Amino acid sequence: MSELTRTHNLQEIIDAPIGTEATLMGWVARRRDLGQLIFITLRDRWAELQCTLDPEESPESHAVASECRGEYVVAFTGVTRARPEKEQREGPGGDREFIVQSAEILSRAETTPFVIEEEVKASEELRLKHRYIDLRRRTMVRNITVRHQVVRIIREYLYEQGFLEIETPLLANTTPEGARDYVVPSRVHPGSFYALPQSPQLFKQVLMCSGMDRYFQIAKCLRDEDLRGNRQPEHTQLDLEMSFTSREQLFGIAEGYMQRIWRECIGHELPVPFPRVPYNEAIERWGSDKPDARFGSEIRELTALWQGTEAAFVTAGLEEGQVVHGVFIPGLSLSRKELDSWTEKAKRYGANGLMTIETGGEEPKGSVARFAPDLQAFAALAAECESSSTGTWCMVLGPKPKNLKVLGELRLKLGEEAGLIDHTQFAPMWVVDFPLYEVNEETGGVTAAHHAFTNPLAADMHKLDSTDIDELLSIRADNYDLVLNGVEMSSGSLRVFDPALQMRILRNMGLSDEQIEHRFGWFLEAYRYGAPPHRGFGQGIDRLVMSLLGVDNIREVIAFPKTATAQCPLTGAPATIEQDQWWELRLQPLK
RNA sequence: GGGGGCGUGGUCUAGUGGUCUAGGAUGCCUGCCUGUCACGCAGGAGGUCGCGAGUUCGAACCUCGUCGCCCCCGCCA
């Protein structure tokens with residue numbers, strides 16, 4: 001092979017003055033052989049450029065180009081020239097071509113398993129099996145590049161703010177709660193196992209006890225649970241923790257880098273501060289702790305509008321103390337068949353049925369329009385909520401919590417159906433003050449809703465010693481989720497830094513002092529030698545990049561993702577191990 | 001753990017019991033072509049219809065099992 005050196009990448013030669021001499025290297029994206037003239041579209045990570053091989057210019061190069069096939073790696077030496085007037089094209093490099101004076105094939109390529117094109121037709125499985133080929137596609141280059149930019153911006157921003165980037169172990173201990181752990185057998189200690197961290201939670205809190213003050217890490221988090229379109233067994237998280245700081249200061253940090261990311265990556269200005277919405281209010285208004293606020297149609301209580309109705313089932317429900325809630329979907333009009341399908345959906349979410357009233361039309365329509373005591377009132381309320389009275393009220397009758405849950409789900413689907421969601425918009429919000437505890441279905445007692453190290457809200461601290469389950473469940477935590485377009489982006493809290501308070505919370509969860517000592521002893525001890533108040537959060541990087549790029553599959557923003565069954569089609573992982581490895585680890589598979 | 005969808009030349013797909021000797025597009029190979037840019041034109045090669053069993057005179061097509069992929073619920077920060 002020759003001693004050629006690349007002088008320019010394709011973006012550099014496109015940006016250079018016409019007439020620049022260069023040696024280019026890249027992949028043959030396309031070859032157009034006109035018999036005499038041959039055009040080769042060269043591709044690298046940066047760009048694509050048309051290279052012209054004219055036998056009158058260089059017979060040798062032309063001969064080499066005749067041999068070139070798709071995905072051959074070539075080196076071209078020559079000079080850029082302005083394209084003839086009529087041959088100019090829109091887009092980067094469309095004004096020029098590269099006249100090749102000397103050509104060399106650096107590497108030949110077999111026919112690829114699928115065609116490299118933007119609108120990729122190959123199955124995802126095949127793309128993953130040959131991911132190195134898939135990653136040559138412009139969209140994948142863009143996704144991976146934007147991901148890089150996101151991480152770079154986060155790092156730069158946090159360095160400016162005085163954060164220390166500190167690594168924590170991957171070989172750690174099993175976490176007492178949460179998801180299933182990935183475990184790693186210890187050869188040195190047969191029968192003992194490390195667990196791969198579900199997050200660096202305990203380490204980062206202990207780092208605060210060390211006085212590290214402002215910590216962050218771009219950390220891999222691992223959990224052995226079933227996968228989804230936006231879940232992978234290993235995902236990347238911005239893990240962050242700060243001492244001596246208020247909630248507002250912490251929000252300012254997150255808003256700072258979010259704003260910078262959106263501005264620099266896609267030129268979109270996110271207004272700060274993001275709205276702060278208490279958990280209880282989010283549930284009331286959107287029926288969800290992660291509301292999609294890109295559209296209105298918030299949930300309204302409509303019980304009053306049903307007083308005096310002739311519909312027996314409604315009257316009966318109201319007498320039992322049930323209530324009516326609804327969402328108004330502007331522009332929505334349901335056929336008989338569509339209504340049945342939506343009713344089916346509502347029932348799947350737990351409702352007894354779906355009541356609709358279509359307003360704004362000539363005739364009153366909808367499944368319960370004829371029972372409405374005052375149709376005008378529905379139209380008027382619609383106009384007040386959505387500044388339009390043309391559309392459909394979708395209502396459910398039942399206990400309030402169930403109504404809110406059902407409508408929370410329906411609202412999203414109906415909003416999508418009615419085209420109310422502007423997919424170019426971003427609606428971030430902080431949802432704050434979640435319940436500290438939730439009911440533990442197995443024991444009937446309470447367990448930590450988020451994790452056991454979340455500090456209660458100061459105003460609710462006095463309820464901690466209550467023996468009443470409902471009282472305990474009403475305790476709010478000093479925690480917060482960053483929600484964007486209905487997706488949870490990050491989650492964090494003020495941590496318990498008083499060992500005595502931590503004990504009370506763990507005891508409320510039904511743990512004995514022995515269990516607490518065994519599971520969290522080392523951690524609680526760290527808080528006995530001078531612990532600062534501190535708070536932090538973890539932010540999912542994969543989901544952030546998905547949202548930024550508007551893609552709905554997490555695999556599109558990860559270079560080497562796993563399949564839905566947690567396998568890697570490229571490497572074949574996970575795989576069996578050799579007999580001597582079993583032996584060395586003192587393990588054997590169960591029959 | 002449960003439910004649903006898919007599996008046909010390299011790739012994407014048509015085909016719902018006999019018309020299939022499996023069609024198309026794209027890719028690949030050969031030839032022709034000096035301004036193409038999804039180049040064009042002509043010709044050619046390429047298939048265990050995921051795998052196994054069954055039903056049937058006859059199966060890409062129906063049934064059962066199995067494997068793989070995707071989506072949803074459970075689960076999961």
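Note that these values count all heavy atoms, side chains included, but never hydrogens, waters or copies made by symmetry. The structure displayed is predicted, hence computed values, not measured ones.
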Does [X] reach a base, just sugar-phosphate, or nothing at all? Heavy atoms under 4.0 Å.
X: A:Ser490; result: nothing
X: A:Gly229; result: sugar-phosphate
X: A:Gln567; result: sugar-phosphate
X: A:Leu227; result: nothing

For [N], the Watson-Crick or wobble counterpart (both distances under 3.5 Å):
N: B:C61; result: none
N: B:C6; result: B:G68
N: B:A45; result: none
N: B:G27; result: none

Carefully, step by step, assess A:Asp481 and A:Ser491 under the rule side chain to side chain donor-acceptor pair (under 3.5 Å). CA-CA 4 Å; A:Asp481 282 2; A:Ser491 185; 2.8 Å; yes

Considering only the [atom1] atoms, how many Å lie between [N] and [M], rounded to the nearest integer?
N: B:C67; M: B:U48; atom1: C1'; result: 16 Å
N: B:C49; M: B:G15; atom1: C1'; result: 11 Å
N: B:U66; M: B:U13; atom1: C1'; result: 26 Å
N: B:U56; M: B:A42; atom1: C1'; result: 46 Å
N: B:A59; M: B:G3; atom1: P; result: 31 Å
N: B:G18; M: B:C32; atom1: C1'; result: 44 Å
N: B:C71; M: B:C62; atom1: C1'; result: 26 Å
N: B:A53; M: B:C69; atom1: C1'; result: 23 Å

So, does the side chain of [X] form a donor-acceptor pair with the base of [N] at under 3.5 Å?
X: A:Arg69; N: B:G27; answer: no
X: A:Arg231; N: B:C75; answer: yes
X: A:His450; N: B:A77; answer: yes

Kindly determine whether A:Thr139 and A:Glu118 satisfy side chain to side chain donor-acceptor pair (under 3.5 Å), including the steps that lead there. CA-CA 7 Å; A:Thr139 14; A:Glu118 277 322 288; 2.7 Å; yes

Would you say A:Tyr194 has more than 12 foreign heavy atoms packed within less than 6.0 Å of its OH?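 No.
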
Looking at B:A77, I'd like to know if its phosphate oxygens (OP1 or OP2) sit under 4.0 Å from a side-chain N or O belonging to A:Gln237.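 No, outside the criterion.
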
Examine B:G27: is either OP1 or OP2 under 4.0 Å from a nitrogen or oxygen in the side chain of A:Thr111? Give yes or no.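 No.
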
Considering only side-chain heavy atoms of [X], which listed nucleotide, [options], is closest?
X: A:Val115; options: B:G68, B:U26, B:C73; result: B:U26
X: A:Ala564; options: B:G74, B:C71, B:U11; result: B:C71
X: A:Arg555; options: B:G68, B:C76, B:C71; result: B:C71

Is there a donor-acceptor pair under 3.5 Å between the side chain of [X] and the backbone N or O of [Y]?
X: A:Ser493; Y: A:Arg495; result: no
X: A:Arg96; Y: A:Ile13; result: yes
X: A:Asn280; Y: A:Ile283; result: no

How does protein contact run along nucleotides 31-41 of chain B, one letter per nucleotide 5' to 3', with B for base contact, S for sugar-phosphate only, - for none, heavy atoms under 4.0 Å? --BBBBBSB--

Whole angstrom is fine here: how far is it from [atom1] in [X] over to [atom2] in [N]?
X: A:Glu438; N: B:C75; atom1: CD; atom2: C1'; result: 13 Å
X: A:Glu234; N: B:A77; atom1: CD; atom2: C1'; result: 16 Å
X: A:Leu126; N: B:U13; atom1: CG; atom2: C1'; result: 15 Å
X: A:Asp181; N: B:A77; atom1: CG; atom2: P; result: 10 Å
X: A:Glu225; N: B:G1; atom1: CD; atom2: C1'; result: 12 Å
X: A:Leu570; N: B:G68; atom1: CG; atom2: P; result: 18 Å
X: A:Asp224; N: B:A77; atom1: CG; atom2: C1'; result: 16 Å
X: A:Leu222; N: B:C75; atom1: CG; atom2: C1'; result: 17 Å

Can you classify the ring geometry of A:Tyr257 versus A:Phe537 as parallel (below 30°), tilted (30 to 60°) or perpendicular (above 60°)?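 A:Tyr257 and A:Phe537: tilted rings.
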
Between A:Phe520 and A:Phe453 (judged by ring centroids, cut-off 6.0 Å), do the two rings come close enough to count as a pair?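 Judged by ring-centre distance (under 6.0 Å), A:Phe520 and A:Phe453 do meet the cut-off.
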
Do A:Trp27 and A:Tyr72 make the cut of ring centroids closer than 6.0 angstrom?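 No: the rings miss the under 6.0 Å criterion.
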
Residues A:Glu241 and A:Arg535 bridged, charged N to O under 4.0 Å: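 No.
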
On RNA chain B, does the nearest nucleotide to A:Ser199 precede the nearest nucleotide to A:Asn553 from the 5' side, or the other way round? Give the residue.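 Nearer the 5' end of the strand: A:Asn553.
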
How do A:Thr112 and A:Lys562 order along RNA chain B: which one's closest nucleotide is nearer the 5' end?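 The residue mapped nearer the 5' terminus is A:Thr112.
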
